[in-house]
K.L.:
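Right, I'll just put the structure down here and ask away after.
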Amino acid sequence: MDKDKVILAYNDAKEQYATFGVDTEAALKKLDQVKISLHCWQTDDVGGFETPDAILGGGGIQATGNYPGKARTIDHLRQDIDKVMSLLPGKQRLNLHAIYGDFKGEKVDRDQIEVKHFQSWIDWAKKHETGLDFNPTCFSHPYADDGFTLSSKNEKYRKFWIEHTKRTRRIAAEMGKQLGTPSVNNIWVPDGSKDIPVDRNAHRALLKQSLDEIFATEYPKAYLKDAIESKLFGIGSESMVVGSAEFYLGYAIKNNKLICLDNGHFHPTEQVGDKISSVLQYVDELLLHVTRGVRWDSDHVVIFNDEIQLIAQEIVRCNALHRVNVGLDYFDASLNRIGAYVIGTRAAQLAFLYALLEPTETLRKYEEAGQNFERLALMEVMKTKPLGAVYNYYCLTSNVPVAEDYIPVIQQYEKDVLSKRI
Ligand code: RNT
Ligand code: ZN
């Protein structure tokens, strides 16, 4: 896009927002502080690098599609993430799963992972001046095949997953220490049952016991933030998920952990945006898994829709940007995966920018005065204000492609790099 036109449009937008008392410069400064953690698993459909062909399965995670060009090696992944980051304004973090270690062809089972398997990632992050986040991988493994991991009645399996998860905390804390920015280690387990169980209670008691063991070791907050993620149902856990919303929210409040809200993990008419001001009354910080569910927890590419707008608005309205860690979580194997990241991250940024450009004070005054017509009218009017012009200016001043200009760049990358991968 023509540089002068972008600036001209921005100056006009700036004036338009100013008439509502909204400062676009201040909004952009705040937006630049919103670090989005890119989930590494969109590059390869949650495969990981443990074995040449790790199989996705066992526990409610399903990527569909067979678009060519997926990352098959750690070098591919790094190359892809570099490309993605070069197309995004602002600074992002990288979110790794334990199966993405640098195992160098060695068979390392999950209960054996160590910092050394992630040191090259830490070095990568140092070079990129960014932070890393982390996750235990309690799925895609024979010990997860019966549907239970940390809540398993099989003591051997449960111990195995406890050991794995303990190690992820140690690794994440080391990432945080070396990188000077705390690493969020998020625990999600697929545990649940396909058909109606009778002993929900025992599994929940076991999950609680496992978490207590896992969290027994303390790490400095400056290095590690522990998060736990609930879910409503998954493939193969339709009738009961052990780690339900109530289970983890209770645990997080009682034990001072971060609660992870994945907006694909609730009943379709529930809004994660509505939950933010509730949970922030009781926990210090949140982790968001920003996704797009289509009819179910389908993990479609994030777009700029009502759902993520409300999430961003509520965070901004609560003045809680500093208490919310933002991560993406989706995996669509049916389209260019680099494109999937750029669309999703830009959509999330747009949502935050939209929220930051809201004349919240005016809306609040209307609300307090019972002027509900005026409140709704102003919300509607703001929808057609030149948000895009402000975002384009952010891209321009960040030296990344503006608006549709990123499309040909990705097409070229597909031609030069992705299409050549076998
Ligand atoms: C699954 C959870 C979980 C995973 C990642 C890969 O339903 O959302 O966060 O998507 O751990
Ligand atoms: Zn998630």
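We count ligands from 1, going down the list as the structure has it; atoms in each ligand are counted the same way. By convention here, the first residue in the shown sequence is residue 1.
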K.L.:
Polar contacts were defined as any N/O atom of the residue lying under 3.5 Å from an N/O atom of the ligand; does this apply to Asn186 and ligand 1?
P.N.:
no
K.L.:
Tell me the side-chain hydrogen bond (donor to acceptor under 3.5 Å, both in side chains) pairs involving residues 412-422, sequence neighbours left out?
P.N.:
Tyr67-Glu414, Gln79-Arg421, Asp80-Tyr413, Asp80-Arg421, Asn336-Glu414, Gln412-Asp416
K.L.:
Suppose I only count heavy atoms of Phe331 and a 4.0 Å limit; which atoms of ligand 1 are within that range?
P.N.:
10 (O)
K.L.:
Which residues satisfy the side chain to side chain contact (heavy atoms under 4.5 Å, CB included) test with Thr397, sequence neighbours excluded?
P.N.:
Tyr393
K.L.:
Could you work out, for atom 2 (C) of ligand 1, the closest of His265, His39, His289 by heavy-atom distance?
P.N.:
His265
K.L.:
On the ring face of Phe266, is Lys275 found with NZ or CZ under 6.0 Å from the centre and within 45° of the axis?
P.N.:
yes
K.L.:
Determine whether Arg93 and Asp133 satisfy the following criterion, salt bridge (charged side-chain N to carboxylate O under 4.0 Å, His left out), listing intermediate values before the conclusion.
P.N.:
CA-CA 7 Å; Arg93 302 168 62 88; Asp133 297 310; 2.9 Å; yes
K.L.:
Would the Tyr100 and Trp121 ring centres measure less than 6.0 Å apart?
P.N.:
no
K.L.:
Using a 4.0 Å cutoff against the non-hydrogen atoms of Lys231, which atoms of ligand 1 qualify?
P.N.:
1 (C), 7 (O)
K.L.:
Provide the number and element of each atom of ligand 1 under 4.0 Å from a heavy atom of His97.
P.N.:
5 (C), 6 (C), 11 (O)
K.L.:
Counting only nitrogen or oxygen atoms and a 3.5 angstrom limit, does Asp262 reach ligand 1?
P.N.:
yes
K.L.:
Are His289 and Tyr330 close enough that their ring centers fall under 6.0 Å?
P.N.:
no
K.L.:
For a quick check under 3.5 Å, do Asn135 and His39 share a side-chain donor-acceptor pair by atom type?
P.N.:
no
K.L.:
Verify whether the ring centers belonging to Tyr354 and Phe304 lie closer than 6.0 Å.
P.N.:
yes
K.L.:
Could you enumerate the protein N, O or S atoms under 2.8 Å from the Zn ion (ligand 2), written like residue then atom name?
P.N.:
Glu229 OE2, Asp262 OD2, His289 ND1, Asp329 OD2
K.L.:
Below 4.0 angstrom from a heavy atom of Asp297, which ligand 1 atoms are there? Numbered from 1 as shown, please.
P.N.:
7 (O)
K.L.:
For Val294, give me all partners under side chain to side chain contact (heavy atoms under 4.5 Å, CB included), at least two apart in sequence or on another chain.
P.N.:
Arg292, Ser298, His300
